[in-house]
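One structure is given below, encoded as structure tokens.
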Amino acid sequence: VTIAALEGGGMTRTIEVVMRVTDRSQLSVDPLSFHAEGMEEYDSSNQVFNIWNGSKIYTLGWNAQSSTNWIVLDKTNGVITDGIQAVTIGFSTAHLPKGSYTGQIIVNGGVEEYGGATAWDSPQTMNVSLTITRPVPELAVSWTNAEVAVIQGVNAPVQALGVQNATKRYTIDYTVE
């Protein structure tokens, strides 16, 4: 664009204008990575990601899939005309042993008005990492009669001391002194 002064000696200014013309929806996803932590025999806490049409042009159709069976999505497809759709990620981890795991969620977007033609920035890949730890055993001690009166020179009566793993998971080693 060139702007010229009508008075002032023919002074002109040129301004460069860049315009992006788009003919389709734009797939937008946030966040693009997740980390979850959990313990053996328990499922990990849910997390959420959002999907929206960044260009706000046309209708964005989307679908999502996970690369592993321990990443569970509450929705695997949808249509967005305006606004944001939240997708909850569940972690089915109770069957996984202690260790580190990785997976991905892939989201594809298409323009509904054009038979699902690929949206800008599609697909989007979200990286998911997971750390599973082992629950800590809990030492439980029971002693029914901790206070005993004895006469000097007489043996004290036998006392019962109970030791157990209160979580009833895994082996616990202990000593009594």
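Position 1 is the first residue of the sequence, and the numbers go up from there. The shown structure was predicted, so the numbers you read here are calculated from the model rather than taken from an experiment. All values below come from the heavy atoms of this structure, side chains included, with hydrogens, waters and symmetry mates left out.
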With a 4.5 Å limit on heavy-atom distance, are the side chains of S44 and L130 in contact? yes
Which atom of P31 lies closest to which atom of M126, heavy atoms considered: O-SD, 3.4 Å
Nearest heavy-atom pair of S122 and G109: which atoms, and what distance? OG-N, 2.8 Å
Name the one of Q85, Q124, E112 that satisfies side-chain hydrogen bond (donor to acceptor under 3.5 Å, both in side chains) with W62? Q85
Donor-acceptor contact below 3.5 Å, side chain T88 vs main chain D74: no
Check whether any side-chain heavy atom of L27 sits under 4.5 Å from a side-chain heavy atom of V107, and report yes or no. yes
Test item: Q47 and F91 side chains (from C-beta on) under 4.5 Å apart, heavy atoms: yes
In terms of heavy-atom contacts, V48 and A86 come closest through CG1-CB, 3.8 Å
Is it the case that over 12 heavy atoms from other parts of the model lie below 6.0 angstrom from the NZ atom of K98? no
Do V87 and L32 belong together in a cluster built from hydrophobic side chains that touch within less than 4.5 Å? yes
NE2 of H95 to CD of E41: how many Å apart, nearest 0.5 Å? 13.0 Å
Check whether S92 reaches the backbone of W70 with its side chain - one donor and one acceptor, N or O, closer than 3.5 Å. no
Do D43 side-chain atoms and T93 backbone N/O form a donor-acceptor pair below 3.5 Å? yes
With side chains defined as the heavy atoms from C-beta onward, is the minimum distance between I71 and Q104 less than 4.5 Å? no
Spell out, yes or no, whether F34 and I51 are grouped together once hydrophobic residues are joined by side-chain heavy atoms under 4.5 Å, including indirect joins. yes
Between R134 and E40, does any side-chain N to carboxylate O distance fall below 4.0 Å? yes
Heavy-atom pair with the smallest gap, counting every atom of N53 and S25: ND2-OG, 3.5 Å
Is the closest side-chain heavy-atom distance between I105 and T125 below 4.5 Å? no
Carefully, step by step, assess F49 and I89 under the rule side chain to side chain contact (heavy atoms under 4.5 Å, CB included). CA-CA 8 Å; F49 69 91; I89 306 170; 3.6 Å; yes
Is it the case that one hydrophobic cluster holds both W120 and V29, taking links as side-chain heavy atoms less than 4.5 Å apart, direct or via other members? no
T59 side chain near I80 side chain, heavy-atom distance below 4.5 Å: no
Side chains of I106 and N108: does their closest heavy-atom pair fall under 4.5 Å? yes
Distance-minimising heavy-atom pair for A119 and V111: CA-CG2, 4.4 Å
Please give me the minimum heavy-atom distance between L96 and Y101, naming the atom from each residue. CB-OH, 3.9 Å
Walk me through it: do L139 and V163 pass the test side chain to side chain contact (heavy atoms under 4.5 Å, CB included)? CA-CA 7 Å; L139 182 64; V163 178; 3.4 Å; yes
